[in-house]
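A quick write-up on the structure given underneath.
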Amino acid sequence: MALIIEELNRAHRVQVRYRVEGEKFTLGRAYSNDAILEDIHTDGRHAEIRREEDGSYILHDLNTVNGSQLLGNLKDRSVKPGEISSHQITSGDLIQCGKSRLRIFNCDDDVAEATPLHSLENLFASLSNPLYATLLVLAVALSTVLLSYLGYARTYQWTIAVNILISAVIGLVIYAGAWAFVGRVVRHETHFFAHLSIAAMGVLTYAVWEWFGSILNYNFAIGDTMEVLDFLVLAVILPAMLWCACYLATNLGRAWRWAVALVLPLGFLGLSLVETISSIDDFRETPALSTELKYDNMLLRKPVPMQEFITGSAALFDIPIKKEEPENESKESPSAENENAEVEQ
């Protein structure tokens with residue numbers, strides 16, 4: 001029976017595997033070893049594994065500086081960790097030599113079933129293409145400049161466009177770089193261009209909605225309702241972006257990934273939404289109307305002639321006044337009572 005030794009990285013992922021079949025297998029930093037450990041805390045010849053006559057394997061520490069430790073057993077939780085100089089290996093042992101962690105299994109052990117690929121794997125692979133990521137970033141930059149130009153009433157300066165371009169590109173790069181750093185630390189995978197493409201798609205989607213929302217507000221003057229619609233749009237875009245980032249950069253399971261993607265953005269957005277909804281019915285001296293200038297061909301509603309609007313505007317300000325009921329007329333006034341008293345006298 002052979003042994004399989006897995007060398008783990010800091011993220012506890014398998015870095016390299018070795019197969020032990022002979023009578024002796026050596027581990028250490030020296031190039032003459034069967035398993036060369038790239039760890040300055042291991043000795044040149046740190047440990048060796050010998051097969052006994054009964055077929056069992058014994059690990060011997062070779063009187064090293066930092067020693068060898070048994071960290072536990074993945075199959076038997078009752079195994080206690082501790083320093084070892086000689087240890088009979090059982091399948092599932094987790095051993096540390098210096099700072100190198102080794103996981104040992106019998107080659108006949110069953111392995112877990114294959115995890116099916118997520119349906120978005122092909123999409124993420126496409127988004128990792130630097131060309132696609134660059135084109136999406138350019139689309140975001142051009143769309144933000146175009147929206148800025150269309151909504152600018154005064155003479156448009158080229159410096160405004162440059163500032164918008166630089167801000168958009170730097171923001172996307174910082175976002176993608178931050179998640180790529182997290183992925184490098186946690187999973188030793190960066191996926192920088194995939195994060196960049198996903199962020200650009202999210203911003204581009206919101207830019208399209210912002211343009212369409214401005215047309216809605218221009219035509220129907222929906223005021224505070226726009227903030228509610230903004231919440232609904234962001235409640236789709238932000239969780240989707242965060243879910244993709246967690247999938248690419250972390251080792252979170254499905255449930256935790258959905259929890260993080262939904263709770264964090266919806267929690268922050270919900271606070272602003274509650275404040276907006278609570279102030280919708282507040283009295284305002286001036287109505288919340290859109291003051292954005294647009295071309296008349298963007299007016300979807302039929303304009304009302306000025307004279308017709310003025311004629312019907314009075315009804316907008318008519319407030320019904322509840323009249324007080326008159327006092328009982330049978331009740332005589334004080335002056336009448338005085339007059340009756342004088343007559344009797």
### Residues Glu227, Phe231; criterion side-chain contact (heavy atoms from CB on, under 4.5 Å); working and verdict
CA-CA 6 Å; Glu227 297 190 26; Phe231 167 82; over 6 Å; no
Output the distance between atom [atom1] ([X]) and atom [atom2] ([Y]), rounded to the nearest 0.5 Å.
{"X": "Phe181", "Y": "Thr190", "atom1": "CZ", "atom2": "OG1", "answer": "12.5 Å"}
{"X": "His46", "Y": "Ser68", "atom1": "NE2", "atom2": "OG", "answer": "3.5 Å"}
{"X": "Cys107", "Y": "Phe105", "atom1": "SG", "atom2": "CZ", "answer": "12.5 Å"}
{"X": "His191", "Y": "Cys244", "atom1": "NE2", "atom2": "SG", "answer": "12.0 Å"}
{"X": "Arg257", "Y": "Leu252", "atom1": "CZ", "atom2": "CG", "answer": "7.5 Å"}
{"X": "Tyr206", "Y": "Thr144", "atom1": "OH", "atom2": "OG1", "answer": "13.5 Å"}

### Task
Apply side-chain contact (heavy atoms from CB on, under 4.5 Å) to the pair Tyr18 and Leu102, showing each step before the final yes or no.
CA-CA 10 Å; Tyr18 304 97; Leu102 307 172; 5.8 Å; no
Looking only at heavy atoms, what is the nearest atom pair of [X] and [Y], with distance?
{"X": "Pro239", "Y": "Leu262", "value": "CB-CD2, 4.1 Å"}
{"X": "Ala199", "Y": "Met241", "value": "CA-CE, 3.7 Å"}
{"X": "His87", "Y": "Leu70", "value": "CE1-CD2, 3.8 Å"}
{"X": "Leu165", "Y": "Ala141", "value": "CD2-CB, 3.1 Å"}
{"X": "Cys97", "Y": "Asp39", "value": "O-OD2, 3.5 Å"}
{"X": "Gly67", "Y": "Glu83", "value": "CA-OE2, 3.5 Å"}

Quick one, [X] and [Y] - any side-chain contact, counting heavy atoms below 4.5 Å?
{"X": "Leu216", "Y": "Phe212", "answer": "yes"}
{"X": "Ile36", "Y": "Tyr31", "answer": "yes"}
{"X": "Gln88", "Y": "Ile58", "answer": "yes"}
{"X": "Ile49", "Y": "Ile5", "answer": "yes"}
{"X": "Thr64", "Y": "Thr42", "answer": "no"}
{"X": "Tyr247", "Y": "Glu121", "answer": "yes"}
{"X": "Trp209", "Y": "Leu234", "answer": "no"}
{"X": "Leu248", "Y": "Ile198", "answer": "yes"}

Could you check whether atom [atom1] of [X] has more than 12 heavy atoms from other residues, nucleotides or ligands sitting under 6.0 Å from it?
{"X": "Tyr132", "atom1": "OH", "value": "no"}
{"X": "Lys99", "atom1": "NZ", "value": "no"}
{"X": "Asn63", "atom1": "CG", "value": "no"}
{"X": "Glu38", "atom1": "CD", "value": "no"}
{"X": "Met201", "atom1": "CE", "value": "no"}
{"X": "Asp54", "atom1": "CG", "value": "yes"}

Among the clusters formed by ILVMFWY side chains lying less than 4.5 Å apart, do [X] and [Y] turn up in the same one?
{"X": "Leu196", "Y": "Tyr175", "value": "no"}
{"X": "Leu238", "Y": "Val260", "value": "yes"}
{"X": "Val79", "Y": "Ile95", "value": "yes"}
{"X": "Val169", "Y": "Val145", "value": "no"}
{"X": "Ile164", "Y": "Val140", "value": "no"}

May I ask you to decide if [Y]'s main-chain N or O and [X]'s side chain share a donor-acceptor pair within less than 3.5 Å?
{"X": "Asn217", "Y": "Gly213", "answer": "no"}
{"X": "Ser167", "Y": "Asn163", "answer": "yes"}
{"X": "Asn73", "Y": "Ser91", "answer": "yes"}
{"X": "Asp34", "Y": "Thr26", "answer": "yes"}

Of [options], which meets side-chain contact (heavy atoms from CB on, under 4.5 Å) against [X]?
{"X": "Arg13", "options": "Glu189, His188, Glu6", "value": "Glu189"}
{"X": "Tyr57", "options": "Ile104, Asn106, Leu3", "value": "Leu3"}
{"X": "Val137", "options": "Val203, Val173, Leu172", "value": "Leu172"}
{"X": "Ser197", "options": "Leu127, Asn129, Leu123", "value": "Leu127"}

### Task
Mind running side-chain contact (heavy atoms from CB on, under 4.5 Å) on His12 and Arg103 for me, showing each step along the way?
CA-CA 10 Å; His12 301 281; Arg103 197 163 55 190; 5.8 Å; no
### Query
Is it the case that Asp93 and Thr90 place a side-chain donor and acceptor less than 3.5 Å from each other?
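On atom types as modelled, these side chains qualify, holding a pair under 3.5 Å.
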### Query
Would Arg45 and Asp43 satisfy side-chain contact (heavy atoms from CB on, under 4.5 Å), going step by step from the backbone distance to the final call?
CA-CA 5 Å; Arg45 291 179 61 83; Asp43 286 32; 5.9 Å; no
### Task
Could you check whether the rings of His195 and Trp179 sit parallel, tilted or perpendicular, using 30° and 60° as the cut-offs?
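Ring orientation, 0 to 90° scale: parallel.
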